[in-house]
Novice: 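Sending over a structure as structure tokens; questions will come in a sec.
Note on naming: letters A, B, ... go to the chains in the order of the sequence lines (proteins, then strands), and numbering restarts at 1 for each one.
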Amino acid sequence: MKLRIAPSPTGELHIGNARTALFNWLYARNNNGKFLVRIDDTDTERSTPEYEKNIIDNLSWLGIDWDEGYEIDSSNTYKQSDRFTRYEEVANNLLNEGIAYEDDGAIRFKVEKNNVISFKDYVRGDMEFSTNDIEDFVILRTDKTPTYHLASTVDDIDYEITIVARGEDILSSTPKHIMLMEALNAKIPDFCHLPLLFGPDGKKLSKRHGDTSVASFKEKGILPEAMFNYMSILGWSPGNDLEIFNKDFAISNFDLKNVLGNPAIFDTKKLLWMNGQYIRSFKKETFHELAFKTIEESLSRSLFAEEIKRIEVILPEVQERIETLNDLIGQVGFLLDEPFVVNDVEWNDVNSENAQLYLMNIRKRFKEMEDFNLKNIEEMMRAELKKQNIKPKEGFQATRVAITGTKISPPLFESIFALGLSPTIARLAEKIENL
RNA sequence: GGCCCCGUCGUCCAGAGGCCUAGGACGCUGGGUUUUCAACCCAGAAACGCCGGUUCGAAUCCGGUCGGGGCUGCCA
């Protein structure tokens with residue numbers, strides 16, 4: 001058994017193609033079959049090496065690997081642009097056999113009328129197409145480059161693909177491919193036409209839906225595990241209402257024949273939720289490693305030892321509340337050796353006479369504090385609240401903005417503890433007007 | 001227009017004739033917890049497009065209809 005994905009490098013890898021690749025891969029892995037990646041770059045006008053790299057990199061990022069194809073075998077690039085002579089030769093043979101004919105310099109496949117092409121589709125069942133509805137189609141362009149129909153078909157034959165699983169948009173072209181294969185005396189593979197992914201407007205996902213590339217989700221701080229998991233439950237489910245599962249589970253339960261026939265709308269909200277679930281599920285060490293890497297990347301520098309120490313204190317709190325990796329920097333920013341700025345608007349919101357007095361009092365107590373630890377911080381700050389007879393919100397929110405710069409931060413006592421005693425005293429002083 | 005595919009809560013999925021007064025998840029609403037934001041817990045609203053037929057019985061089978069989508073390129 002051999003399956004394949006054949007992306008065209010005319011754009012970044014988008015989630016629709018990624019999902020098709022994923023389903024092919026899952027089925028191959030489930031059956032101990034082979035998975036092949038080739039590059040369908042017959043559209044030389046729009047294909048670029050950058051897109052090619054983007055597609056390969058993002059496939060790998062998702063954890064999809066392949067046994068044959070792109071950069072596996074030094075004797076074959078598995079790029080259609082390197083096989084143009086092969087396709088031209090096939091087209092000429094068909095021409096000589098009278099199966100195809102020349103038309104204004106191009107070569108057209110002659111479709112025999114009053115015929116029925118039938119095949120069994122894994123998800124659609126028995127399919128029948130009348131050849132009366134199919135026009136003679138171009139297989140070789142005037143410039144001698146092959147069309148998709150020719151190149152794809154020849155490759156599927158040459159690379160001995162046994163199951164062609166692709167998007168439903170190609171369902172109507174399948175009879176053309178079968179006719180070509182028959183004309184070439186090739187064994188007809190099985191076909192499986194996967195439902196398309198739609199945008200929120202119910203239309204085939206495309207550029208106009210904004211960022212639909214896998215790369216854009218990576219940039220948004222989505223984890224490959226979450227992306228993989230979410231894509232796999234679009235059009236398929238392992239049953240038992242299970243939604244969160246790992247790669248191995250997906251492989252052992254996946255079956256192309258259980259894929260739904262109806263299209264699915266890609267819901268970013270649920271992806272985001274799932275991403276949060278994955279973040280929460282990580283072991284502490286795994287999350288720390290990932291967090292530091294992410295923070296350093298967004299800072300474009302390495303972290304200092306002191307910064308790492310401070311961040312480590314707050315990380316368990318952060319792990320519980322972020323949705324994407326990109327939310328990290330906003331949570332730990334106040335612990336970095338970067339210019340500390342307090343949001344003026346928010347400060348004005350929380351500043352008050354009571355707040356001023358409270359800040360003054362706790363600062364004094366911090367200066368006297370001998371054992372700076374979480375328990376002592378909390379006890380002292382609550383005691384001062386009581387002494388002053390003000391609500392937690394009034395004292396704590398002012399402290400929060402003074403210490404972290406904003407009204408939204410990790411839990412206050414932990415934040416103070418992570419920041420350290422003297423920076424805390426200094427930041428409080430900054431916001432006390434009559435000091 | 002022609003050909004083809006699809007049709008269960010807003011969204012994703014469960015349901016393969018009685019277990020369905022239709023289940024789970026996201027989102028949403030309300031509540032709990034609470035120093036913020038989250039996380040977490042509880043509760044709630046929310047769907048079988050419609051019409052026929054088969055059957056003792058249909059979300060499940062059949063037909064029609066309506067709706068959505070895809071293809072109809074010397075794009076893929």
Novice: Please state the P separation for the pair G24(B) and G57(B) - nearest whole angstrom.
Specialist: 30 Å
Novice: Please measure how far the C1' atom in U35(B) lies from the corresponding atom in C28(B), and state the result in whole Å.
Specialist: 27 Å
Novice: Is the cationic atom of K247(A) (NZ for Lys, CZ for Arg) positioned less than 6.0 Å from the six-membered ring centroid of F228(A) and within 45 degrees of its normal?
Specialist: yes
Novice: Has R108(A) got a side-chain N or O lying under 4.0 Å from the OP1 or OP2 atom of C74(B)?
Specialist: yes
Novice: Round to the nearest Å and state the distance from E243(A) atom CD to U11(B) atom P.
Specialist: 16 Å
Novice: Under 6.0 Å between the ring centres of F254(A) and W236(A)?
Specialist: yes
Novice: Classify the side chain of T142(A) and the base of C74(B) as holding, or not holding, a donor-acceptor pair under 3.5 Å.
Specialist: yes
Novice: Mind checking A106(A) for me? I need base, sugar-phosphate or nothing, with any heavy atom below 4.0 Å counting as a touch.
Specialist: base
Novice: Quickly work out the D201(A) CG to U11(B) P distance and round it to whole Å.
Specialist: 13 Å
Novice: Can you tell me if Q356(A) and N351(A) form a side-chain donor-acceptor pair at under 3.5 Å?
Specialist: yes
Novice: Counting N and O atoms only, with roles assigned by atom type, does the side chain of N376(A) sit under 3.5 Å from a partner on the main chain of F372(A), one being a donor and the other an acceptor?
Specialist: no
Novice: Determine the contact category for E378(A): base if any of its heavy atoms lies under 4.0 Å from a base atom, sugar-phosphate if only primed atoms, P, OP1 or OP2 are that close, otherwise nothing.
Specialist: nothing
Novice: I'd like the C1' distance from A58(B) over to C19(B), given in whole Å.
Specialist: 15 Å
Novice: Quick one: F137(A) CZ to A76(B) C1', roughly how many Å, whole number?
Specialist: 15 Å
Novice: Taking atom P in both U36(B) and G44(B), what distance in whole Å separates the two?
Specialist: 27 Å
Novice: Can you tell me, in whole Å, how much space there is between the C1' of G68(B) and that of U8(B)?
Specialist: 15 Å
Novice: Select one nucleotide: of C13(B), C5(B), U36(B), the one nearest the side-chain heavy atoms of E168(A).
Specialist: C5(B)
Novice: When we call it a touch if two heavy atoms are under 4.0 Å apart, what does P411(A) touch: a base, just sugar-phosphate, or nothing?
Specialist: base
Novice: Does anything in residues 148-167 of chain A come within less than 4.0 Å of RNA chain B? Heavy atoms only, and list the residues if so.
Specialist: Y148(A), H149(A)
Novice: Would you name the heavy atoms of M381(A) and I416(A) that are closest together and state the gap between them?
Specialist: SD-CD1, 3.6 Å
Novice: Name the residue from L260(A), L256(A), I170(A) that meets the side-chain contact (heavy atoms from CB on, under 4.5 Å) definition with L194(A).
Specialist: L256(A)
Novice: Test Y78(A) against E71(A) for side-chain hydrogen bond (donor to acceptor under 3.5 Å, both in side chains), laying out the working first.
Specialist: CA-CA 8 Å; Y78(A) 284 83; E71(A) 286 188 348; over 6 Å; no
Novice: Paired with C40(B) by Watson-Crick or G-U wobble geometry, both distances under 3.5 Å: which nucleotide is it?
Specialist: G32(B)
Novice: Sort out the partner of G57(B) for me: Watson-Crick or G-U wobble, both distances under 3.5 Å, none otherwise.
Specialist: none
Novice: Classify the side chain of D133(A) and the base of G2(B) as holding, or not holding, a donor-acceptor pair under 3.5 Å.
Specialist: no
Novice: Check every strand shown and say whether D103(A) touches a base, only sugar-phosphate, or nothing at a heavy-atom separation below 4.0 Å.
Specialist: base
Novice: With P as the reference atom in both, quote the distance from G64(B) to C6(B) in angstrom, rounded to an integer.
Specialist: 14 Å
Novice: Partner lookup for A46(B), please. Criteria are Watson-Crick or G-U wobble with both distances under 3.5 angstrom; report none if nothing qualifies.
Specialist: none
Novice: Would you measure the distance from the C1' atom in U33(B) across to the matching atom in A39(B) and give it in whole Å?
Specialist: 11 Å
Novice: Using a distance-only test with no angle check, is there a side-chain donor-acceptor pair under 3.5 angstrom linking Y230(A) and E243(A)?
Specialist: no
Novice: With a non-hydrogen cut-off below 4.0 angstrom, is N132(A) in contact with a base, only sugar-phosphate, or nothing?
Specialist: nothing
Novice: Distance check needed: G27(B) P versus Y230(A) OH, whole Å only.
Specialist: 12 Å
Novice: Mind checking if K407(A) touches a base, just sugar-phosphate, or nothing, with heavy atoms under 4.0 Å?
Specialist: base
Novice: On the ring face of F287(A), is K284(A) found with NZ or CZ under 6.0 Å from the centre and within 45° of the axis?
Specialist: no
Novice: Would you check if the distance from the ring center of F137(A) to the ring center of Y148(A) is below 6.0 Å?
Specialist: no
Novice: Any base atoms under 4.0 Å from F198(A), or only sugar-phosphate, or nothing? Heavy atoms, all strands.
Specialist: sugar-phosphate
Novice: With the threshold set at under 4.0 Å for non-hydrogen atoms, list the residues of residues 312-326 of chain A touching RNA chain B in residue-number order.
Specialist: E320(A), R321(A)
Novice: The side chain of R400(A) is closest to which nucleotide in this list: C13(B), U36(B), A76(B)?
Specialist: U36(B)
Novice: Rounded to whole angstroms, how far apart are CD on Q397(A) and P on C37(B)?
Specialist: 8 Å
Novice: Both conditions, 6.0 Å and 45 degrees, for the charged tip of R38(A) above the ring of Y159(A): are they met here?
Specialist: no
Novice: Considering only C5(B), A25(B), U35(B), which nucleotide approaches the side chain of L412(A) most closely?
Specialist: U35(B)
Novice: Between Y101(A) and F109(A), is the ring centroid distance below 6.0 Å?
Specialist: no
Novice: Of all the choices, G70(B), U35(B), G23(B), which nucleotide is nearest to the side chain of D241(A) once you look at every atom?
Specialist: G23(B)
Novice: Which nucleotide in the list A39(B), U35(B), C6(B) gets nearest to the side chain of R280(A)?
Specialist: A39(B)
Novice: Give me the distance, rounded to whole Å, that separates C9(B) from G27(B) when you measure between the C1' atoms they each carry.
Specialist: 12 Å
Novice: Can you tell me the Watson-Crick or wobble partner of A25(B), both distances under 3.5 angstrom?
Specialist: U11(B)
Novice: Would you kindly give the CD1-to-C1' distance between I233(A) and A14(B), to the nearest whole Å?
Specialist: 12 Å
Novice: So, is S409(A) close to the C37(B) phosphate, meaning a side-chain N or O under 4.0 Å from OP1 or OP2?
Specialist: no
Novice: With R280(A) as the cation and Y278(A) as the aromatic partner, state whether NZ or CZ is under 6.0 Å from the six-membered ring centre and within 45° of the axis.
Specialist: no
Novice: For G69(B) and K203(A) - does any side-chain N or O of the residue sit under 4.0 Å from the phosphate oxygens OP1/OP2?
Specialist: yes
Novice: Near RNA chain B, counting only heavy atoms under 4.0 Å, which residues of residues 39-49 of chain A show up?
Specialist: D40(A), T42(A), D43(A), R46(A)
Novice: Which part of the nucleic acid does G239(A) contact within heavy-atom distance under 4.0 Å: base, sugar-phosphate only, or nothing?
Specialist: nothing
Novice: Can you tell which of D43(A), D40(A), T145(A) makes a side-chain hydrogen bond (donor to acceptor under 3.5 Å, both in side chains) with Q80(A)?
Specialist: D40(A)
Novice: Taking any heavy-atom pair under 4.0 Å as a contact, classify M381(A): base, sugar-phosphate, or nothing.
Specialist: nothing
Novice: Looking just at side-chain N and O atoms, do R4(A) and T162(A) make a donor-acceptor pair shorter than 3.5 Å?
Specialist: no
Novice: Select one nucleotide: of C12(B), G27(B), U35(B), the one nearest the side-chain heavy atoms of P392(A).
Specialist: U35(B)
Novice: So what's C3(B) paired with, Watson-Crick or G-U wobble, going by both distances under 3.5 Å?
Specialist: G70(B)
Novice: How long is the gap from CD on E384(A) to CG on L357(A), to the nearest 0.5 Å?
Specialist: 9.0 Å
Novice: For F266(A), answer base if it contacts any base atom (sugar-phosphate contacts may also be present), sugar-phosphate if it contacts only those atoms, and nothing otherwise; contact means non-hydrogen atoms under 4.0 Å.
Specialist: nothing
Novice: Across the strands shown, which category fits L271(A) at heavy-atom distances under 4.0 angstrom: base, sugar-phosphate, nothing?
Specialist: nothing
